[in-house]
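Note that this is a predicted model, so its numbers are computed, not measured. Values reported hereafter were calculated over all heavy atoms of this structure, with side chains retained and with hydrogens, waters and symmetry mates removed.
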Amino acid sequence: MEQTENSNKCNSKSTTAKICPNNNNNNNHYIAFGFHHNTNNTNNQTYPPLLPLPPLLPPLQLPFPQNHNFRSRTHVHKPSFNQNNPFLATPSDSKIQEISASKVLQRQNDVSKQKYGRRVKAAATTTESLVVARRPDSGGVEGPVISLLANHFLVQFDPSQRIFHYDVEISPHPSKDIARLIKKKLVEDHSVMLSGALPVYDGGRTIYSPIEFQNNKIEFYISLPIPSSGSNMSGEMVNLQKERQQIKLFRVNIKLISKFDGKELNSYLNKEGDDGGSPLPQEYLHALDVVLRESPTEKCITAGSSFFSSCMGGQKDIGGGAVALRGFFQSLRPTQQGLALNVDFSVTAFHESIGVITYLEKCLDFLHDISHRKTRGLTNEEKKEVEKALKNIRVFVCHRETIQRYRIYSLTEEVTENLCFQDRDGKSLRIVNYFKDHYNYDILYRNLPCLQISRSKPCYLPMELCMICEGQKFLGKLSDDQTVRILKMGCQRPRERKAIIDRVVTGPVGPTSGNHASDFKLQISKEMTQLYGRILQPPKLKLGDRGQVRNLIPSRHDRQWNLLDSHVFEGTRVERWALMSFGGTSDQKSHIPKFINQLCQRCEQLGIFLNKNTVLNPQFEPLHLLNNVKNLETKLNKLHRASFNNLQLVICVMERKHKGYADLKRIAETSIGVVTQCCLYPNLGKISSQFLANLALKINAKVGGCTVALYNSLPSQIPRLFKHDGPVILMGADVTHPHPLDDFSPSVAAVVGSVNWPAANKYVSRMRSQTHRQEIIQDLSTMVGEIIDDFYEELLKLPERIIFFRDGVSETQFLKVLKEELQAIRLACSRFPGYKPPITFVVVQKRHHTRLFPCELDPSTTKNTLFNENILPGTVVDTVITHPSEFDFYLCSHWGVKGTSRPIHYHVLWDENQFTSDELQKLVYNLCYTFVRCTKPISLVPPAYYAHLAAYRGRLYLERSELSTLTRSSNISRAAPPKTTPLPKLTENIKKLMFYC
């Protein structure tokens, strides 16, 4: 009836030493037999690395004129400790070095003329080895210098320290928790065979040791007492057997895989002989990362690269069957100062460890009283919601003693009352009779389905006998209330966040706890890295010509500006528009005329024309209209026809947020061809000027206007690269993936591109669905080509340069994304004969854990009142904590109102435009002031932000409410993802607008 989770196992080969239990002793004492030395010399063998290393690539010649020298500066960071210890590797980042860049390679492009959009075989183009762009200089110099602290902690290591990598195979395959107990007992009982080493374990197949074991191959037998998981289930049943411990025997095979030292890593960090082609020594770096994770892993709940412990404040109930735990993130990173441990405060939601029935009561409103209505059944829709809530959660059972854990794959088609299974003799047994006969337990919730805990065969468990295992990360979509609660827990001001991080590093569960680091000759600084940053100056902005204030420089500390007495840079005219109301009370509906009047007035004040007369009187519809796709489309078509099929805008006022929002957007933008702007009735009760202004700015942007422009255009700010008569296109790209629990839905890719120059503040977009969870943009060449067409249609010129900002790429995917997507951009350009514009490809990373804090140089002074505040907008860091040799920087372009600001990490993968650090940083920062929806600089460069919004809109098109009525396959086994559902096509008039803003 029950099946345990299993993983793939590898059969071990013959061993050279065996350690087995002594059968004459019941106290788990072990003796060795059949022992002999292995004379194989592993030094002459080539072993596979732990992680696949990128291929050795020829050096990339930097794109600068020969003998071009950049100014070098000395950068300050915390003095390293133990500097008298000669064996510790320290970087030479403080040395002043002249950086001489060679001439850029003249690349041959023999791409023959191809039909537009056609995929070209690799043989049709010249293959080119790609190397990530090198830093063009020693860092930028513009802007006043400030002292900062970063949550990077210097890690010193001995390059001559050898590390021995062993493969470990345990059978029967245990859970990670049991595997760690086995490793612990192995070290305790067999220290001699392990040469007295204290190895570290990654929880899977890898052990690292600072000392070589006595033999290259060893076989152990470990007899481990396993505690029972039996317990009472919230009083719903009585444990029928006494708790006891089970003794289980495990066979452990250990085999030497490779041995290596840190000399390559040391050379990489110090850029010794850096020719641009040396890959990061992943194997040694990964081993050190496992070493530093060993102690936290033994003491905390692990979730990815983060650790969570009750000693950091305990758990907090955030509702819906979820609890939030405080913890910390840690990751080892190569930086200019050497190896650094990035440590940050973290808060994550976990499933509450409670009974499955209680869990459903908490997370699903329609089952809030299920414990008082035990005979209640489920409708088809309710069953889908229950299955969605429980899928992939691990549980253990309470009706018998077992260490087994089970994963929920689905629910049974039949309810428990009618459910039968066949025993070993082929006899059919009812589930309810089985539990009565074998466990003397009467199933109470007989009208609920059972849990299906196997992919391939019927394995059933009644819900009421299952408990949710502790320490499971909550993968479901958090509700608005849950999100607010968890954000509140993680919203720490800079001073408080810094104090938490400092306590983690020195605390009992942090990376410096335990003796593992010292065994591998690692020393971790307990002080944050001190460094210098710079503050870029805000650009002068241009507003509308008819306002009293026509230009300004944002001078407030948060760099915000207001549009009082000002007009937007380009206001539009909305002659034909309509208003639809969905739900709302009579009192709320009575506010509509006043709302229309005030919105028209606010638009007029901002230089935007919104006709005071709608094409039809406001249309008041019930909220449930949003549930009916066909009727919703009929109503919208009626409005469109009333304006002679030339409707520009529909303002939709909703009683509350509704899933039909997705249908509304899809119908309006792909079927009818009209822009919509939604708002909620609660905001109309007390209409503020700020609310009306925000609404007006979004409407203006969606129908073709723009809020602000740079007073000094980009060609005047970066004259070396940009010319007024040489248009440049700014592009952004992003891919959104379906929910973690969604195994079927396609991913959605979006690309945007600017179509005006030199303002570069209006964008067109293209969206495509693609293979489930595919990160590489599959149809990038076609999308880029279409956007270049739009650019040419507007300016009658092809862009002379392409600046491409790519969002959502992890460091492990850099080379793959660069290779495939750079080629796709070039292919899009090749359809124009002889067109080979220089391309700069920049990855934009939001989800990282580097934080910058103002440095309190003298705590006794009272001048530094901003120490508890966030770093100022424009703060840029491109030394010390950045990559040892690649072109990257951290830029905080916004003001953090709550919590601690997170700078954006910009990493240049390819740069044929030959930007200097100052030029690229200025370009990115100035663009952050041109976002159309607000009057402040945003945190993310606008092309990437717009691509994110467009990809999200494409995701909405797929999340149509009618899809929820489709029945999923009843087949238990996980099938391959279905064919990708294409996105509906935008209407021609919508395609040219920033409708996604």
Side-chain angles (χ1 to χ4, degrees), residues 140 142-148 493-494 532-544 547 549-569 606 689-690 693-694 697-698 701 706-714 716-718 730 759-761 805 844 846 851-855 864-878 889-906 918-946 997:
E142 291 192 7
V145 176
I146 57 170
S147 184
L148 299 169
R493 296 301 290 173
Y532 288 143
R534 294 171 290 112
I535 301 179
L536 303 181
Q537 296 305 299
K540 189 175 183 179
L541 304 177
K542 185 190 297 184
L543 302 173
V549 179
R550 300 180 183 181
N551 58 76
L552 59 86
I553 297 177
S555 57
R556 286 176 35 164
H557 71 281
D558 58 6
R559 298 297 184 248
Q560 291 193 45
W561 68 95
N562 65 56
L563 291 175
L564 192 65
D565 301 324
S566 303
H567 283 184
V568 295
F569 177 69
L606 294 171
S689 176
Q690 186 63 54
N694 291 341
L697 293 183
K698 293 184 73 173
C706 64
T707 304
V708 68
L710 298 174
Y711 186 86
N712 298 309
S713 64
L714 294 176
S716 63
Q717 295 194 53
I718 310 177
L730 305 172
N761 57 5
F805 294 97
V844 180
K846 305 184 298 288
R851 299 293 184 272
L852 301 172
F853 304 91
C855 183
N864 199 352
T865 56
L866 290 179
F867 179 65
N868 195 39
E869 298 293 338
N870 276 302
I871 53 177
L872 292 173
T875 299
V876 63
V877 169
D878 55 10
F889 58 90
Y890 293 92
L891 172 62
C892 181
S893 53
H894 70 294
W895 172 251
V897 179
K898 294 182 179 180
T900 303
S901 294
R902 174 167 52 190
I904 301 298
H905 188 208
Y906 296 90
D918 279 327
E919 288 171 339
L920 186 58
Q921 290 163 12
K922 178 187 290 187
L923 170 66
V924 171
Y925 185 50
N926 285 358
L927 288 175
C928 289
Y929 282 81
T930 64
F931 190 63
V932 293
R933 291 202 319 200
C934 56
T935 55
K936 60 182 178 181
I938 59 172
S939 62
L940 183 65
V941 66
Y945 201 142
Y946 293 141
C997 289

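Judged by distance alone, the side chain of R493 and the main-chain N or O of G899 form a donor-acceptor pair under 3.5 Å. Q921 places no side-chain N or O within donor-acceptor distance of the main-chain N or O of L891, the cut-off being under 3.5 Å. Side-chain atoms of S893 never come within 3.5 Å of backbone atoms of P873 as a donor-acceptor pair (strictly under, hydrogens ignored). Listed for the N870 side chain is a donor-acceptor partner under 3.5 Å among the backbone atoms of S901.
Pairing each heavy atom of L730 with each of A760, the nearest pair is CD1-CB, 3.8 Å. For the pair S716 and S713, the tightest heavy-atom approach, listed with the atom from each and the gap, is OG-O, 2.6 Å. Contact between L536 and E142 at its shortest, heavy atoms only, is CD2-O, 3.7 Å. Residue Y925 comes nearest to Q537 through the heavy atom pair CE2-O, 3.5 Å, listed as atom of the first residue, atom of the second, then distance. Of all non-hydrogen atoms in C934 and W561, the two that sit nearest each other are O-CZ2, 4.3 Å. Contact detail for D558 and P937: the closest heavy-atom pair is O-CD, 4.3 Å.
Below 30°, between 30° and 60°, or above 60°: for F805 and Y906 the angle between ring planes is above 60°, a perpendicular geometry. Relative ring orientation between H557 and W895 is described as perpendicular, the plane-to-plane angle rising above 60° on a 0-90° scale split at 30° and 60°.
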- request: Show your reasoning for whether side-chain contact (heavy atoms from CB on, under 4.5 Å) applies to N562 and T935.
  value: CA-CA 6 Å; N562 65 56; T935 55; 5.7 Å; no
message: Checking L697 against L563 for the side-chain contact (heavy atoms from CB on, under 4.5 Å) test, could you report, in this order, the C-alpha distance in whole Å, the side-chain angles of both residues, the deciding distance, and whether it holds?
response: CA-CA 11 Å; L697 293 183; L563 291 175; 3.9 Å; yes
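Other residues, nucleotides and ligands contribute over 12 non-hydrogen atoms within 6.0 Å of the NZ atom of K846.
Once rounded to the nearest 0.5 Å, the distance linking NZ of K542 with CZ of R550 reads 12.0 Å.
Side-chain atoms of V924 and L927, non-hydrogen and from C-beta on, never get closer than 4.5 Å to each other. Contact check for L543 versus V708: side-chain heavy atoms found under the 4.5 Å cut-off. A 4.5 Å side-chain heavy-atom check between C706 and V568 finds every atom pair outside the cut-off. A heavy-atom distance below 4.5 Å is found between the side chains of L923 and L714. At a threshold of 4.5 Å between non-hydrogen side-chain atoms, the residues R534 and V145 count as touching. Taking 4.5 Å as the limit, every side-chain heavy atom of Y929 sits out of range of all side-chain heavy atoms of P942. Counting only heavy atoms from C-beta outward, the side chains of V941 and I904 never approach each other to under 4.5 Å. A 4.5 Å side-chain heavy-atom check between K540 and I553 finds at least one atom pair inside the cut-off.
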